[in-house]
Amino acid sequence: MAALSPAARYQALRTLPETALDLLVIGGGITGAGIARDAALRDLRVALLEAEDFAAGTSSRSSKLIHGGVRYLQHGDVALVREAAGERQVLRRLAPHLADPLRMVIPTSGRATHLKLRAGLWTFERLTTVPPGEHYAMWNREEALAAEPLLAAQGLYGAAAFIEYLTDDARLVIANVAAAAAAGALVANHAEVEAIREGEATVRDTLSGDTLRCRARVIVNAAGPWVQEIWRRASVRGPRELQLTKGIHLVVDHQRLPLRHAVVMTARDRRSVFAIPRDGMTYLGTTDTFVPAPEREPAIVAADAAYLLEAANRTFATQPLELRDVLGAWAGLRPLLAEPGKAPSEISRKDEIMVDPASGLVSIAGGKLTTYRRMAERVVDLVVERLGRRTSPCRTAEIPLPGGERALPSPATLEARLPGIGRCGAARLLRLHGAVAEAIADRASQGGASGEVIPGLPGVLRAEVEHVLETEMAMTLVDLLERRLRLLTFDRHQGLGGLDAVATLAAHHLGWTAARTAAEIDGYRQLAASLRSFV
Ligand code: FAD
């Protein structure tokens, strides 16, 4: 049985009530997934429970960048710069497909900003270790326009170019959850912690409606935007207020904004926002506005969309982008620790670990995708101390993540094996699955239907969908199409072209009735439509 098969989920939920857990982690975003993997690798008896799906909260809704840390320099936070730069090298080693170097271009409008940027990038490279070929460059106006011809020439002085790493946030979470499960963690999605009392959690399987109880010596609250809600469910008075801010992204066809690099744009309020090319699309992000309470699907406001489009239209010399060019969008909530009086973008992104003295509940909030592994290490160090146990030291920096065990084949090599998916399809398969793409290629090459491309989903093999259904605990169509296959976000038609075919496969693998299958299709269609209409 694969560590993340649907059967493993039922097995985990069945086993939980009778297991004496060292640690229960609430929340299957990147924070909780990282903690569960670290704890399992240190031989703790750990369970990870996620109310909806792994990465369904903020961790599938980020800008998908593993930051080198240049941006933290402007706050003079050298420790954070070093941590971020170090961590991205670790991730590149553990899972190169989830840390893909991407040149980021910052256009400059005058000599003073150009020189200031150069000084910043020079300092960054003195503080950190930059791999060969990844050093910054300063371009004059002509060089900038030659490298990125779409830049608006008017008012352009030059540009700075440096390397950031592109990841896939949801896939990074799935890789960590799979690694945790393979190391012995009990993991389940669609399992909501409803109450906590004296080390005992009441958990509802939201798919079956069943309720169970489980006990753990330490409970970690890694519920992201819902950290305060967990305090309420545990009758704990939290030591800090959380402040949520919303960030949206818009997706347009790459042909509509055919960038060669990621480009930093300056929005009308002087904030930096990005345009990032990926998999035949270009996405724009992000905004930063306060929201009062966590929502599962934060609304995308037309004014926020207009803010990003305006920034793009000022930065690039193209036919102006309009709302009707937007093919998809996503919105996420940053779970930040409140700093009253500060504007959304000024609030620190640093993480903080908090322990409730009465109940012993450990909570973690804030932080970034980029530094998740170090955050997890700090939490598990604390858990081990509270357990009074001696364990092996943290091993998460040495053991590859799933898909990172072997060198990656090139997209050309993969395409040669799977001519039906084309170069773009091969690149997508490698980005999402890393070296596991070869196992999917083996399955596709065995003959039969698995080798076919799903009608309506160019470049997506039936073998990939089958593999994901069998080994990645996708329990609903949204789990499958959004957080495993990333088609809701990065397919031109939000995956709708192949929806019926994928639903038939899912129904077969997961034993859905006709009514359940119809409800899944309907729910997916509604979600996709809501991401194309702005309120
Ligand atoms: P989440 O991912 O929200 O996970 C918490 C989980 O807890 C959720 O899945 C939720 O369903 C679950 N949960 C809630 N209640 C319960 C319950 N009762 N029982 C069980 N489970 C429960 N960082 C970067 O490094 N690079 C970036 O480019 C970047 N861009 C960003 C852009 C935006 C717009 C935003 C919003 C954030 C960005 N970040 C970025 C930050 C990063 O995405 C977050 O720090 C990170 O994803 C937070 O992860 P988390 O696990 O703490 O929270």
Side-chain angles (χ1 to χ4, degrees), residues 24-36 47-69 71-72 80 83-84 87-88 91 99 102 104 164-170 172-173 176-177 188-196 201-206 219-234 242 244-249 262 273-274 276 283 285-289 291 294 296 298 300 304 308 329-336 344 349-351 363-373 375-376 379 483:
L24 170 64
V25 183
I26 304 172
I30 192 59
T31 309
I35 294 168
L48 172 69
L49 296 178
E50 161 55 46
E52 196 166 316
D53 181 28
F54 306 120
T58 306
S59 299
S60 56
R61 299 156 187 265
S62 76
S63 300
K64 313 188 194 318
L65 293 173
I66 300 297
H67 297 294
R71 58 197 345 240
Y72 307 125
L80 196 55
E83 181 168 275
E87 277 309 298
R88 75 173 183 172
L91 187 59
L102 169 78
M104 177 80 78
E164 287 280 45
Y165 287 8
L166 187 64
T167 192
D168 186 287
D169 45 10
L172 180 63
V173 175
N176 273 277
V177 177
N189 51 3
H190 303 281
E192 177 170 359
V193 173
E194 291 193 320
I196 304 166
T202 308
V203 183
R204 193 166 60 92
D205 175 345
T206 60
I219 299 182
V220 169
N221 169 7
W226 293 271
V227 158
Q228 277 183 304
E229 173 60 22
I230 297 294
W231 288 339
R232 202 184 60 73
R233 294 181 184 194
L242 230 62
L244 305 181
T245 77
K246 177 167 67 176
I248 73 147
H249 290 80
V273 292
F274 313 103
I276 300 176
Y283 62 92
T286 179
T287 54
D288 205 352
T289 50
V291 289
R296 279 286 159 197
I300 300 179
D304 283 348
L308 292 176
W330 71 88
L333 301 177
R334 301 176 185 85
L336 306 177
R349 269 58 175 158
K350 264 195 192 150
D351 62 284
S363 301
I364 176 155
K368 303 287 291 176
L369 214 58
T370 303
T371 46
Y372 84 94
R373 199 198 60 79
M375 288 163 62
V379 170
R483 289 173 289 270

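Just so you know, ligand 1 is whichever comes first in the structure, and atom 1 is the first atom listed for that ligand. We number each residue from 1, following the sequence as shown. Hydrogens, waters and symmetry mates are skipped; everything else that's a heavy atom, side chains included, is used.
- Applying the 4.0 Å criterion to heavy atoms of Ile230 picks out, from ligand 1, the atoms 17 (C), 18 (N).
- Contact annotation: Arg233 has at least one heavy atom less than 4.0 Å from an atom of ligand 1.
- Residue-ligand proximity, Lys64 to ligand 1, at heavy-atom distances under 4.0 Å covers atoms 28 (O).
- Listed by number with element, the atoms of ligand 1 under 4.0 Å from a non-hydrogen atom of Ala51 are 16 (C), 17 (C), 19 (N), 20 (C), 21 (N), 22 (C).
- Close approach of ligand 1 to Thr286 is summarised as follows: ligand atoms under 4.0 Å from at least one heavy atom of the residue are 34 (C).
- Classification of Arg373 and Glu87 as a salt-bridged pair holds, one side-chain N sitting under 4.0 Å from a carboxylate O.
- Under a 3.5 Å cut-off, the side chain of Ser60 and the backbone N or O of Ala55 do form a donor-acceptor pair.
- Using a distance-only test at 3.5 Å, with no hydrogens or angles considered, a donor-acceptor pair links the side chain of Thr58 to the main chain of Leu333.
- Near Gly247, the atoms of ligand 1 lying under 4.0 angstrom from a non-hydrogen atom of the residue are 34 (C).
- In terms of modelled atom types and a separation under 3.5 Å, the side chain of Tyr283 and the main chain of Phe274 share no donor-acceptor contact.
- The closest heavy-atom contact to atom 26 (N) of ligand 1, among the options Leu65, Leu369, Leu48, Ile35, comes from Leu65.
- With atom 12 (C) of ligand 1 as the reference point, the heavy atom nearest to it among Arg334, Glu192, Arg296, Glu50 is part of Glu50.
- Under the 6.0 Å distance and 45° angle rule, Lys64 counts as a cation-pi partner of Trp330.
- Heavy atoms of Glu229 stay at 4.0 angstrom or farther from ligand 1.
- No donor-acceptor pair closer than 3.5 Å links the side chain of Arg88 to the backbone N or O of Ala84.
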